[in-house]
Amino acid sequence: MTAVHDTRGSSIALSVVVPVFNEEEALPALAARLRPVLDACGEPYEVLAVDDGSTDGTPGVLEDLHALWPELRIVTLRRNSGHQAALTAGLHRARGAHVVSIDADLQDPPEVIPEMLALARSDGLDIVHGVRIDRSADTGFKRRTAAVYYWLMRRLAGTFVPAHAGDFRLLSRPVVDTLKTLPDQQQVYRLLIPWLGFPSGQIAYRRAERVAGTTKYPVRKMILLAWDSVTSFSVVPLRLATAIGAFSLVVCLAFLVWTLIVYAAGSTLPGWTSLIITVLFFGAVQLFCLGMLGEYVARIHTAVQARPTYCVARDTDEVPQ
Ligand code: UDP
Ligand code: MG
């Protein structure tokens, strides 16, 4: 939803957006580490915890934290809309001059936030990516799939995509305002934000283990993110379909010549095997290419529907519009 909030006159220097989905165990630890870091900055800030339709005790834990921590703002989504949609909700509502997004599970160290802010200010940067230099705390499976993901994205989308930069980053107000003008679609921010082309820098950090609870990114969601990334930033799969089509045309022509030769030689009776193989092969190729087309048609379909990617049920710090 492209919620437009008035940020003029806002004196908040920093907003921290935290997408939260079933993180009742991690939240107290997050607050205990994040709050001292932000308090020490000595500037007005807000922390937007975007509750992405949690079904565990998360809402209660957030309420308890909110009672003791006035800078904590709770934005509750009506249902689980996914990590990127929760980020969108947070970015749309954040009021700070800079906005940092960070996961709730403390895999990204909050202590890096002041460093990001200092780097953005000293070097006049609009974007500071947190780049994971050491992922030894992640599982071997996660590391390998992440390596393939970033390799593929840099090949397909372009080398503007910084490798191993996830969703821990700092954005300036102009970047956030630019993002707010984009049509409401399922965004893949780790590709979209570098693509905007604002001056950007990086800060390396070690990715820690999840402080509590289990990953909220099962393989199904990882595949969805990867597929969204590919289809929203690359038409290579469509070109692949064309290439496969062209290749099968050549194979088809070769078969044609061969059948004519066999016909001319007068021995046309045997041929059942080659016939079946040909029918199956081209059936498969056609279905594959159709499927590929379908994936993009599906994206167009979703875009045309223009449904909001998230719906906000409540914001503890609602700005009158
Ligand atoms: N998350 C979310 N909605 C979802 C899935 C995840 O808001 O549908 C949040 C989650 O609470 C966490 C962040 O997104 O703050 C990243 O998720 P997680 O740490 O489970 O992913 P991983 O680090 O395992 O890739
Ligand atoms: Mg995590």
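FYI, side chains are in, hydrogens and waters are out, and symmetry mates aren't considered; it's all heavy atoms of this structure. Each ligand, and each atom within it, is numbered from 1 in the order the structure gives.
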Subject >> Numbering as shown, the atoms of ligand 1 that approach Lys216 to under 4.0 Å (heavy-atom distance) >> reply: 5 (C), 6 (C), 18 (P), 20 (O)
Original post:
Taking atom NE2 of His164 and atom CD of Gln202, what is their separation to the nearest 0.5 Å?
Top reply: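 It comes to 11.5 Å.
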**OP:** Look at the N, O or S atoms of Asp105, main chain and side chain alike, and state whether any lies under 2.8 Å from the Mg ion (ligand 2).
**Re:**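 So Asp105 counts as coordinating the Mg ion (ligand 2), yes.
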**OP:** For the Mg ion (ligand 2), decide whether Tyr217 has an N, O or S atom at a distance under 2.8 Å.
**Re:**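 No, since none of the N, O or S atoms of Tyr217 sits under 2.8 Å from the Mg ion (ligand 2).
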Looking only at protein heavy atoms, which one is nearest to [atom], and what is the separation?
atom	answer
atom 3 (N) of ligand 1	Asp52 OD2, 2.6 Å
atom 21 (O) of ligand 1	Tyr217 CD1, 3.3 Å
atom 18 (P) of ligand 1	Arg210 NH2, 3.4 Å
atom 11 (O) of ligand 1	Glu23 OE2, 2.6 Å

Subject >> Atom CD of Glu209 with >12 non-hydrogen neighbours under 6.0 angstrom >> reply: no
Original post:
Is Arg314 atom CZ crowded by more than 12 heavy atoms from other residues, nucleotides or ligands, each under 6.0 Å away?
Top reply: yes
Subject >> Modelled atom types, side-chain donor and acceptor of Arg73 and Thr316, under 3.5 Å >> reply: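 No - no donor-acceptor pair under 3.5 Å links their side chains.
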Original post:
If we ignore angles and hydrogens, is there a donor and acceptor under 3.5 Å between the side chains of Tyr149 and Ser229?
Top reply: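 Side-chain D/A pair, Tyr149 to Ser229: present.
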Subject >> Selection from Met222, Gln107, Gln84, His83 by shortest heavy-atom distance to atom 23 (O) of ligand 1 >> reply: Gln107
**OP:** Determine, considering heavy atoms only, which of Lys221, Lys142, Glu209 sits nearest to atom 22 (P) of ligand 1.
**Re:** Lys142
Original post:
Does Thr215 approach ligand 1 within less than 4.0 angstrom via side chain, backbone, both or neither, non-hydrogen atoms only?
Top reply: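 The answer is both.
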**OP:** Give a yes or no on whether the backbone of Ile127 and the side-chain of Ser200 come within a donor-acceptor separation of less than 3.5 Å.
**Re:** no
